[in-house]
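Nothing fancy with the numbering, it's 1 onward along the sequence. A quick note: this is a predicted structure, and the numbers were derived from the prediction, not measured.
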Amino acid sequence: MNRIFNALLVLAFAGTMTLAATAQTGTSSAPDQSHSKMTSKQSAGTAMSDTHFVKKAAQGGLAEVELGQLAVQKASSDQVKKFGQRKVDDHSKANEELKEVASKDHITLPTQPDAKDKATKARLEKLSGAEFDKAYMSDMVKDHRHDVAEFARESKDAKNSDIKSFAQQTLPTLREHLKLAEQIAPEQKTQAKNMNGSGQ
C-alpha cells in the first residue's frame with residue numbers, strides 16, 4: 001500500500017515539475033516574440049533612406065542658420081542681409097520641428113554642419129562687401145536647387161509618415177527661398193562686376 005502511495009506521489013511531483021517548466025518556457029519566449037514584432041514595426045516605419053534624409057536635412061539646416069548669420073554680419077547689400085535673416089528665422093523654426101520628428105522616431109541628429117558646408121563658411125568668411133554678397137547668393141541658389149529636389153522627392157517617397165509630413169510642410173518655404181535667391185543673385189553678380197570694373 002505504501003509503495004503504491006509513494007509511486008503516486010512521485011508521479012504527481014513529476015507532473016507538477018513538467019507543467020512548471022512548460023509555463024516558464026512559455027512566458028520567457030513571449031517577450032522575445034513581442035520584442036521582435038516591435039523591432040520589425042520600427043524598421044518598417046522608418047526606412048534607411050528616410051533616416052539618411054533626416055540627418056542630411058539637420059546638417060543642412062544648421063549650415064543655413066550659420067551662413068544666414070554670417071550674411072547678416074558681412075553683407076553690404078540690404079537685400080542680402082534681409083535674405084540672410086529670413087534664412088536664420090525659417091531654418092531655426094524648421095530645425096526645431098525636425099528635432100521633434102527625430103525624437104519621436106528615435107533618430108539621433110548631427111549637431112554640426114558637414115565638412116562641405118564648413119568649408120563654404122570658411123571661404124565666405126574671407127570675403128567682404130560685394131564679393132561676399134555675390135558668392136553667398138550664388139551658393140544659396142545652388143544649395144536651394146538641390147534642397148528643393150531632395151525635399152520634393154522625400155515628400156512623395158518617404159515611408160515614415162512624420163518625415164513625409166515634415167518634408168511636405170517645409171518644401172514651400174524652400175521653394176520661396178530659391179525664388180528669392182534667384183532674384184537677388186544676378187543683381188549681386190552685376191554689382192560685384194561693376195565694383196571690380198570701377199576699381200581698375
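- Interatomic distance, OG of Ser77 versus CG of Asp133, reported as 5.5 Å (0.5 Å rounding).
- In this structure, Lys93 and Asp89 have side chains that are not in contact, with every pair of non-hydrogen atoms separated by 4.5 Å or more.
- Across all their heavy atoms, Thr111 and Leu62 have their closest contact at C-CD1, 3.5 Å.
- Salt-bridge annotation for Glu66 and Lys118: absent, with no side-chain N of the basic residue lying under 4.0 Å from a carboxylate O of the acidic one.
- With contacts defined as side-chain heavy-atom distances shorter than 4.5 Å, the pair Phe166/Val54 does not qualify.
- His177 pairs by the ring-ring contact (aromatic ring centres under 6.0 Å, His included) definition with His91, His144, not counting sequence neighbours.
- Counting heavy atoms from C-beta outward, Gln79 and Lys82 have side chains that stay 4.5 Å or more apart.
- For residues 148-157, the salt bridge (charged side-chain N to carboxylate O under 4.0 Å, His left out) pairs, not counting sequence neighbours, are Glu150-Arg153.
- No salt bridge links Lys74 with Glu125; every basic N to acidic carboxylate O contact stays at or beyond 4.0 Å.
- For Glu64, the salt bridge (Lys or Arg N to Asp or Glu O under 4.0 Å) partners two or more places apart in sequence, or in a different chain, are Lys87.
- A ring-ring contact (aromatic ring centres under 6.0 Å, His included) check over residues 51-86, counting only residues at least two apart or in different chains, returns the pairs Phe53-Phe151.
- Neither side chain, Ser92 nor Glu96, offers a donor N or O lying under 3.5 Å from an acceptor on the other.
- If you run salt bridge (Lys or Arg N to Asp or Glu O under 4.0 Å) between Glu182 and each of Lys142, Arg145, Arg175, only Arg145 comes through.
- When the side chain to side chain contact (heavy atoms under 4.5 Å, CB included) test is applied to Ala149, no partner is found at least two apart in sequence or on another chain.
- Residues forming a side chain to side chain contact (heavy atoms under 4.5 Å, CB included) with Thr120 (at least two apart in sequence, or on another chain): Leu67, Arg123, Leu124, Asp139.
- Looking only at side-chain heavy atoms (C-beta outward), Ile107 and Ile163 come within less than 4.5 Å of each other.
- Under the 4.0 Å criterion applied to side-chain N and carboxylate O atoms, Asp162 and Lys104 are assigned as salt-bridge partners.
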